[in-house]
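The block underneath contains the structure these notes are about, expressed in structure tokens.
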There are 2 protein chains.
Amino acid sequence: MKESNSNSTGVKEIARLANVSIGTVDRVIHNRKGVSDETRKKVNAIIEELNFRPNKMASLLARRDQVNIGVLIPKTSSETNYWSYPLVGITQAVDELKQFGVSVTHFFYDLDSKNSFTTASEQILAADLQGVLLAPSFIEESLMLTKKLTEANIPFVFINSDLPRQESLSYIGPDLFQSGRLAAQIISMMAREADDIFIVNISTELELDHHLLRKEQGFRKYFEEHNIANTILTLNINHTDNQSVKKQLSKALASAPNARVLFVTNSRVNVVARVLADHPQKLILIGYDFIEENIRCLENESISFIISQRPKEQGYQGIMALYKHLFGLGDAERTNYMPIDIITKENFHYYKN
Amino acid sequence: MKESNSNSTGVKEIARLANVSIGTVDRVIHNRKGVSDETRKKVNAIIEELNFRPNKMASLLARRDQVNIGVLIPKTSSETNYWSYPLVGITQAVDELKQFGVSVTHFFYDLDSKNSFTTASEQILAADLQGVLLAPSFIEESLMLTKKLTEANIPFVFINSDLPRQESLSYIGPDLFQSGRLAAQIISMMAREADDIFIVNISTELELDHHLLRKEQGFRKYFEEHNIANTILTLNINHTDNQSVKKQLSKALASAPNARVLFVTNSRVNVVARVLADHPQKLILIGYDFIEENIRCLENESISFIISQRPKEQGYQGIMALYKHLFGLGDAERTNYMPIDIITKENFHYYKN
DNA sequence: CTGAAAGCGCTTACAG
DNA sequence: CTGAAAGCGCTTACAG
């Protein structure tokens, strides 16, 4: 290790060259008022010439700002641990950033209860927050919240699903349509000509929204574009318990003897795998989300493919986007689509996102 | 934004509580000598109690250490731009770290010339480097270098391929065997019973080493384990030009009329795609590496799947591992296998690694 | 073995 | 509009 030569560039050197004080240099760097045009020009010219970039560490150290970010996401339920992954990413980001004065306050809601979302929203608005990261699962309720946040001038970032036309800083999450296309491509390569294909949407009315439909649209679009002749059937199951799924699925399969491939449009694919365990014919199953239940099904080969969209990274990038914005370190893109990962029995072990 | 309450913990506060100077606190924190056992204990107790973690920024700022890391990787050739991706990751890491005093000196070698590797090695040893990131493409030559580095007490990290039993800090790259298994799984799901499968190794003698063989081993292992009956043939092509590939491939395919799936064990899969363009039968192609030539083949559907192992991230993590080690911020695992990503026409667009 | 002082490269009141 | 001084939380000589 060597020590740096300290006569290098820095506010001090710039001040010397411009014949001003370092305070003035600081004012120019941050576009603060109280500097004559002439001085500003002179200093800026030198900054240009030296290609000066302020030392972020020193800056952060001297400012000792603290920001508290509110995080509003569903709580991990007994049904799925999906939301534990974004949480890991959030925690990781905060661990890296706490030395820069970033902290987080968590607010969880229940995916089965709009009320819990509204309650959490009120807590968020009452808290002293400088930014909010949220998963806007309920559209109307989310709009209520983001409207207030916008009024209060509190920046926010969406993860996992988007609410277009909002004043959000960023959306970080999947491109649902495209992920449906990817599922279609994989299936089209595996299916035989005579195979019928089922699209299975499992969802209570609460959730049966744009989400699953967008995936279905992408899926069907792919088959259309490629003129693939397989019959594609849709099965909507609006109860999520094993019994209901089993009943409706059995009925549907009984009436479609050629069905050999099932595309389940959300993480409940493991429920399908389970109720299909005693099905006479071997079916090909593909579904969504890197959650423990699904991984176990990959292991026992009852599910062939899982599509995952880096839940951990969504949380991580969400916090990072807020941090950079709050500290004036640059803004992320408005829309950030995650890579669409294909997970199987042979590669889930190294998947860390 | 709020300002932090500055009466919080810090060396100053610890010094006050322990009735010593902050210099002594610093000595204890970093286990420097010149502190009596008694004082050390007293200070450590307080550090414990306050759960004190030194402020990394302030520490880095005060130390103003500079490290220069040597990077030894193949140069991007006209044949493949593979190595431009790790380079992107390296550059990104250095951009983030230069504020912490990290810089990089690049040394490139030619994958077709062991000599160029040796020459670059000498330059590395002559340079004033605090760490080295290298892709040890040539085993003997790499061993020569790492031996000297170890003697000189310069830490090094391997990316892309590993040299076990070396004193490297870390290996960051693929698990070749497992990626072969993954290829086998995908193919086993797509192939019909009557299809013959070709494993195609394209490589000049220089490279025809453990690399491709490990992938082939993983591939065959999967088929064995699953008792899949397809015939698996191996074709070794030891010239990399289009003409040679075309000739040997045509010959092999002529003698195997049932061949319908080709697994190419490296990035040259695009060459195969090209020479197969006028092949009468539609073949399924799967190969390695997220490089432009291969992406184009995904687009025109002449390649079905590409396996990629996050080349960008390898470079990024390699630099990070060295940085953390050099600044005493913790060491990475000895072996870091990258996720094994499956890339197709429908998801390459969002793949950023 | 220990302390006091200067300094890292910035920012922030405060004074003029 | 501008400057001088103090401070962010550490580390580094230097003195004793």
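None of the values given here were measured: they were computed from a predicted structure. So you know, we letter chains A, B, ... as the sequences are listed, proteins then strands, and number each from 1.
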Considering all heavy atoms, the nearest Thr39(A)-Ser36(A) contact: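 What the structure gives for the nearest pair is OG1-OG, 2.7 Å.
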Heavy-atom pair with the smallest gap, counting every atom of Asp341(B) and Asp341(A):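 Residues Asp341(B) and Asp341(A), closest heavy atoms: OD1-OD1, 4.0 Å.
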[X] [atom1]: over 12 foreign heavy atoms closer than 6.0 Å:
X: Lys42(B); atom1: NZ; result: yes
X: Lys352(A); atom1: NZ; result: yes
X: Glu151(A); atom1: CD; result: yes
X: Lys147(A); atom1: NZ; result: no

Could you give the distance from CG (Leu145(B)) to OG1 (Thr150(B)), rounded to the nearest 0.5 Å? 9.0 Å
Using a heavy-atom cut-off of under 4.0 Å over every strand shown, decide if Ile22(A) touches base, sugar-phosphate, or nothing.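 Contact class for Ile22(A): base.
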Name the nucleic acid region contacted by Lys12(B), choosing base, sugar-phosphate or nothing; use a 4.0 angstrom heavy-atom cut-off, strictly under.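 Sugar-phosphate only.
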Counting side-chain heavy atoms from CB outward, which of dG3(D), dC10(C), dT12(C) is closest to Arg63(A)? dT12(C)
By nearest atom, which of the nucleotides dC8(C), dG9(C), dG3(D) is closest to the Asn55(A) side chain?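 Closest nucleotide to the Asn55(A) side chain: dG9(C).
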Dot-bracket pairing map - DNA chain D, Watson-Crick plus G-U, both contacts under 3.5 Å, | cross-strand: |||.||||||||.|||
Whole-Å distance between [N] [atom2] and [X] [atom1]?
X: Phe327(B); N: dC10(D); atom1: CZ; atom2: C1'; value: 15 Å
X: Leu60(A); N: dG7(D); atom1: CG; atom2: C1'; value: 15 Å
X: Arg53(A); N: dG9(C); atom1: CZ; atom2: P; value: 17 Å
X: Glu13(A); N: dC10(C); atom1: CD; atom2: C1'; value: 15 Å
X: Phe100(B); N: dC8(C); atom1: CZ; atom2: C1'; value: 14 Å

Select from Leu61(B) and Ser36(B) the residue whose nearest nucleotide in DNA chain C is closer to the 5' end of that strand.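 Here Ser36(B) is the residue nearer the 5' end.
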First encountered from the 5' end of DNA chain C, between Asn19(B) and Ala58(B): Asn19(B)
Contact check, residues 38-50 of chain B vs DNA chain D, heavy-atom distance under 4.0 Å, returns none
Got a donor-acceptor pair under 3.5 Å from the side chain of Arg27(A) to the base of dG3(D)?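 Result: at least one qualifying N/O pair found.
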Classify the ring geometry between Phe327(A) and Tyr323(A) as parallel (under 30°), tilted (30 to 60°) or perpendicular (over 60°). tilted
List for me each residue that meets side chain to side chain contact (heavy atoms under 4.5 Å, CB included) alongside Ser103(B), sequence neighbours excluded, and say none if there are none. Asn68(B)
